[in-house]
Amino acid sequence: MRMIVEPDELVAAAGRLADDGDLLRRLADVVESAGRVGSVGSGPETARAIGSATATLGDALRVLGAAAEALSDGLGMGGRAYGDAEQRAIDAGRVFRG
Amino acid sequence: MVTRSSAPSTPGGCSVADLTSVLPHPQGSPEQLREAARTWGLVAAGAGSARIAGPGVPAVLGRVWAGEAADAAVSEAAAAGRALSSVTDCLGRVAGIVLGHADETAAARSAVDRLRERWRAGELAHRSAQRAGDVAALVDADRAWATMQRRLRDEHTAVLRQQGVADARTAAALGATIDGLVASCGSRPGTPVVDALLGGLSLTDGARRSSAARAQVEALLLRVGPLREAGVRSLAPLLDLDPDDPLVAQALLDALGPEALAMLVTRIEVVRSGSPDPTARADATRLLTLLGVALLTATDPRAASGLSPADQQRLVQWRARSLTTLAGTARRRYSVGVSEVRGADVLALLLRAARTSRPGLPPSLGLALTALGMATDDGPATPTSAPAIDVGPAVDPSARIDLLSELLCSLRADYTRANEVLLAPTASSRSVLQMIVASSRAGADAQRAQALRELLDVLTAGEDESAARTSAELLTALCAAAPPTRAMLEALVPLSAELLGRFADQLGVTLLRPDGSPGGAAVPTASGWTVSLPDRAGVLRLVERIAAGGVQPGVVGSEPLGEPMVTLLGRLTAAETARLSTAMAAADPLARSAAVRRFAQIIGFVTVVTARAVIAVHAGSDLSNAQRAELAKQLLGSVNLAAVLGKALPHLPTKIVGLLSGFIVTQLGTAVDAVLPTDAASRARSGLGSDGERRVEAARTLVWDLASRFGSWPATADPTAWAHANGTARFTGADGRPLPWGELSPTQREAMAQWAAGVPEYQNLVGQLLTSLGEGERMAGRAG
């Protein structure tokens, strides 16, 4: 198995992804809030349908936010682990050469 | 479906206002529907800006990472991106459907508006006809108006019915759109959307809970407001959190960060300790408890034991990062008003708060070791004019809260954990316990010593390996060349004396062994566990420290030697006496000789060390050697080991116990002479003068009585038969053994002395004892 990794880039990618969790959670809140407005402005059956749809879509956005955070955590962990291993290899090389 | 008002129309007509009840608008507001649809459209666009949505993440990962793990991550990112795309598409369709329904609703309202206009026109025409005055025309006008009203109502009903159909159609379309989302995730119809999404994402339950926890914390912190200004009252929303949930605890600590956490803890503690309002103090206590329990929970691997392996691994990494960050705050100073604490103090406050309300919740090993590092990294306490944060009941009013003390108190919740921490190695290769014994911090020494002693009282009480190991570490720590603080010695001397007495056999071995060992290990034996001790010099230092424990300098008639040293002397003597007794009964004269030699060397060593420690208390005084010797002898002369010996040697006759005690006391006096050079001392040591004679007599009596009680001799030397054969007074008891010397009459003593002249034990061992006592004394001199 051939493996290539740039630990710093992984950690940076993790950092960028970490914001998605907040973003998607906030968007979920907005979707549900708009759903309440829409429900008030519609007939009974549409009101129920809007409430159900927006709650569902809100939950879906939160799940995706959690997925983004989990992926971010995983990339961060991996990046740091690779970085530590890389540093140890460098240090070992110095000792060997020394 | 909105129903029309049941009020009948009057021949006189309806006012404009009445038309809202006669010809009501259909339910629904096009403006609100359009606003909702517009918002959803914006959200769909906004979600597209998420990193996970676009091709960027897989592309970046593909560029910087290759391999199996990379493939998995790329796949996961792509799956999440596709799922988000499906959700936003669905949201867009929902917005379109609702927008369409808004138009339908607007059209229905317009239709009703037109019906109302026709109603009003008809009504006006009817009124005009009424004013014309012609009866026939009036009847026709009434009939026409009634017909028109019926028609308008029928048309209105049709509009409402149509709008009802549109309402149902819109609801069905929305439901179908959600079903389409489920289908796009590859799930069967009827599957909840979240479950359908989760089927395609590698998202653990822990990750979902973690995300939900972050959302909860964020929402509560929004209610709290800016943390920089937050007080106890405004922080109250945080009390809704469950600090026992490791994911909630982690989310809370992440959201606060170390700086904000320190500031809040400082601010809360000021209220808890100084507010005149009991409600405020109670609220502050609850907040500190929340933060303290959250810290302990988040940093304890055991709290995450119910999570999946992947989630646990994630927390492992989080804990490592968090503890490193926490350690970095050790020396930071945080001020609130005129009060100030250090980073280490903040952690101490949190440990105390958690322990107070959750006495069974110990800090994790990682947190404990981090705290240890912070406690020893915080440098000397620098003088500050800021009032110290309240430390609760303290002996010294100027004492500050001490992280090390709080940690030791918290470890009482879990003795296995406590042992793990205390025996952990430090960077300097000493154990944590050794490091703590050697530690010092102005204003905190007494706290530390008391906390350590209370913990060690329990940890060393058992007979298992861990108790032995901890005992060994403690004794090794107290043998160190650098003396511990006075507070630490006062707290630990009684325990160390008790432990040395318990492991008296090892004490003897160490004293007689010229080469040292690192000490600090538990050693298995046939009868249980014992300890290995450091070298002779180290043990000497420890015995000196124990001996110096209770003596008052320069005061004639002050209290006798401290209880710990009396106990140690007694138990050491008992251990060696038991060994000697066993050897006496052996047939091997070399074994007997070796046992006497060991007994005397050890007694000689320990008594000299004790005497030296007692004499050293008077060092620097104007007293002469003779005066100092007299003072020391007064103190040592009042030592009574009978109780300790009797308890340790229950099978030994009382008289021999008394002899032993007296022998030790005599030897202590001799030891004083060995330490302080005076003319009287020289005579005593050469056996001359009353002191010297007493020493020889005490030694002979002891050896003879021990030999009589435990010794053996050939049948040809049987004392009863010898007395009968030689016509002397009988000096044996019913068991055929010589009676104790002290119970013999002068005639009997004369007879026994004649008999003993032919028995090697009675002749050789006394001299050996005296010689070996001197050897032990000299060993103590060299080791010191």
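In what follows, every chain begins at residue 1, and chains take the letters A, B, ... in the order their sequences are listed.
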Q: State, to 0.1 Å, how close H101(B) and T46(A) come at their nearest heavy-atom pair, and which atoms those are.
A: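 So the two residues come closest at NE2-OG1, 3.6 Å.
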Q: Looking only at heavy atoms, which two atoms of V31(A) and W40(B) are closest? And how far apart?
A: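 The pair with the smallest heavy-atom distance is O-NE1, 3.2 Å.
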Q: Please classify the contact of L23(A) with chain B as side chain, backbone, both or neither, using a heavy-atom distance under 4.5 Å.
A: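 Side chain of L23(A) only, per the 4.5 Å heavy-atom cut-off to chain B.
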Q: Give, for atom CZ of R48(A) and atom CG of L174(B), the distance between the pair rounded to the nearest 0.5 Å.
A: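 Between R48(A) CZ and L174(B) CG, I get 12.5 Å after rounding to 0.5 Å.
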Q: What part of E31(B) gets closer than 4.5 Å to chain A, counting heavy atoms only: side chain, backbone, both or neither?
A: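 Contact with chain A involves no heavy atom of E31(B) at all.
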Q: Roughly how far, to the nearest 0.5 Å, is the CG atom of L91(B) from the OG1 atom of T56(A)?
A: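 Going from the OG1 atom of T56(A) to the CG atom of L91(B) covers 12.0 Å.
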Q: With a 4.5 angstrom heavy-atom cut-off, which part of S39(A) approaches chain B: side chain, backbone, both or neither?
A: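 Contact with chain B is absent: no heavy atom of S39(A) under 4.5 Å.
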Q: Ignoring hydrogens, what is the shortest heavy-atom contact between L71(A) and E76(B)? Give both atom names and the distance.
A: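 In this case the closest contact between L71(A) and E76(B) is CD1-OE2, 3.7 Å.
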Q: Under the criterion side chain to side chain contact (heavy atoms under 4.5 Å, CB included), I'd like the reasoning laid out for L57(A) against V193(B): C-alpha separation, chi angles, the key distance, then a yes or no.
A: CA-CA 8 Å; L57(A) 292 171; V193(B) 168; 5.8 Å; no
Q: Just give me the residue among A168(B), A73(B), S210(B) that pairs up with chain A most often, heavy atom to heavy atom, under 4.5 Å.
A: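 Highest number of heavy-atom pairs under 4.5 Å: A168(B).
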Q: For the pair V30(A) and T39(B), evaluate side chain to side chain contact (heavy atoms under 4.5 Å, CB included) and give the outcome as yes or no after the intermediate values.
A: CA-CA 8 Å; V30(A) 172; T39(B) 302; 3.4 Å; yes
Q: For residues A67(A) and L201(B), report the shortest heavy-atom separation together with the two atoms involved.
A: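 Closest pair (atom of A67(A), atom of L201(B), distance): CB-CD1, 4.1 Å.
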Q: Counting heavy-atom pairs closer than 4.5 Å to chain A, which one of V94(B), V43(B), I97(B) comes out on top?
A: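 Highest number of heavy-atom pairs under 4.5 Å: V43(B).
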Q: For the interface with chain A, which of A310(B), A37(B), A215(B), A80(B) has the highest count of heavy-atom pairs at distances below 4.5 Å?
A: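 Ranked by contacts with chain A, first place is A215(B).
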Q: Would you compute the distance between atom CZ of R214(B) and atom CZ of R25(A) and round it to the nearest 0.5 angstrom?
A: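 These two atoms lie 6.5 Å from each other.
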Q: About how many Å separate CG of L64(A) and CD1 of I52(B), when rounded to the nearest 0.5 Å?
A: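 Between I52(B) CD1 and L64(A) CG, I get 8.5 Å after rounding to 0.5 Å.
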Q: List the steps and the verdict of side chain to side chain contact (heavy atoms under 4.5 Å, CB included) for T170(B) and I50(A).
A: CA-CA 9 Å; T170(B) 301; I50(A) 286 176; over 6 Å; no
Q: Q27(B) and P44(A): which non-hydrogen atoms are nearest, and at how many Å?
A: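 In terms of heavy atoms, the two residues are closest at OE1-CD, 3.4 Å.
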Q: Between L42(B) and chain A, with a heavy-atom cut-off of 4.5 Å, which part of the residue counts as in contact: side chain, backbone, both or neither?
A: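 When you check distances to chain A, no heavy atom of L42(B) falls under 4.5 Å.
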Q: With a 4.5 Å cut-off on heavy-atom pairs, point out which of G43(A), A66(A), A34(A), G41(A) contacts chain B the most.
A: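 The answer is G41(A).
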Q: Could you have a look at G35(A), A68(A), S33(A) and say which one has the most heavy-atom pairs with chain B under 4.5 angstrom?
A: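 With the most close heavy-atom pairs to chain B, the winner is G35(A).
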Q: Identify the two heavy atoms, one from Q32(B) and one from V40(A), that lie closest to each other, and give their separation to 0.1 Å.
A: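 Answer, listing the atom of Q32(B) first, then V40(A): OE1-CG1, 3.7 Å.
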Q: Where does R34(B) contact chain A at under 4.5 Å (heavy atoms): side chain, backbone, both or neither?
A: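 Neither the backbone nor the side chain of R34(B) comes within 4.5 Å of chain A.
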Q: If you round to the nearest 0.5 Å, how far is CG of D20(A) from CG of L84(B)?
A: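 If I round to the nearest 0.5 Å, the distance is 8.0 Å.
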Q: With rounding to the nearest 0.5 angstrom, report the OG to CG distance, S49(B) to L27(A).
A: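 Output value for this atom pair is 7.0 Å.
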Q: Could you tell me which portion of V87(B) (side chain, backbone, both or neither) has an atom closer than 4.5 angstrom to a non-hydrogen atom of chain A?
A: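 Both parts, backbone and side chain.
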Q: At a heavy-atom distance under 4.5 Å, which candidate from G38(A), S42(A), A53(A), A47(A) has the highest pair count against chain B?
A: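 Answer, by heavy-atom pair count under 4.5 Å with chain B: S42(A).
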Q: For chain B, find which of D73(A), D59(A), D19(A), L24(A) contributes the most heavy-atom pairs closer than 4.5 angstrom.
A: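 Option with the greatest count: D73(A).
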Q: Identify which of T177(B), V194(B), L198(B) forms the greatest number of heavy-atom pairs closer than 4.5 Å to chain A.
A: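 Result: the option with the highest number of such pairs is V194(B).
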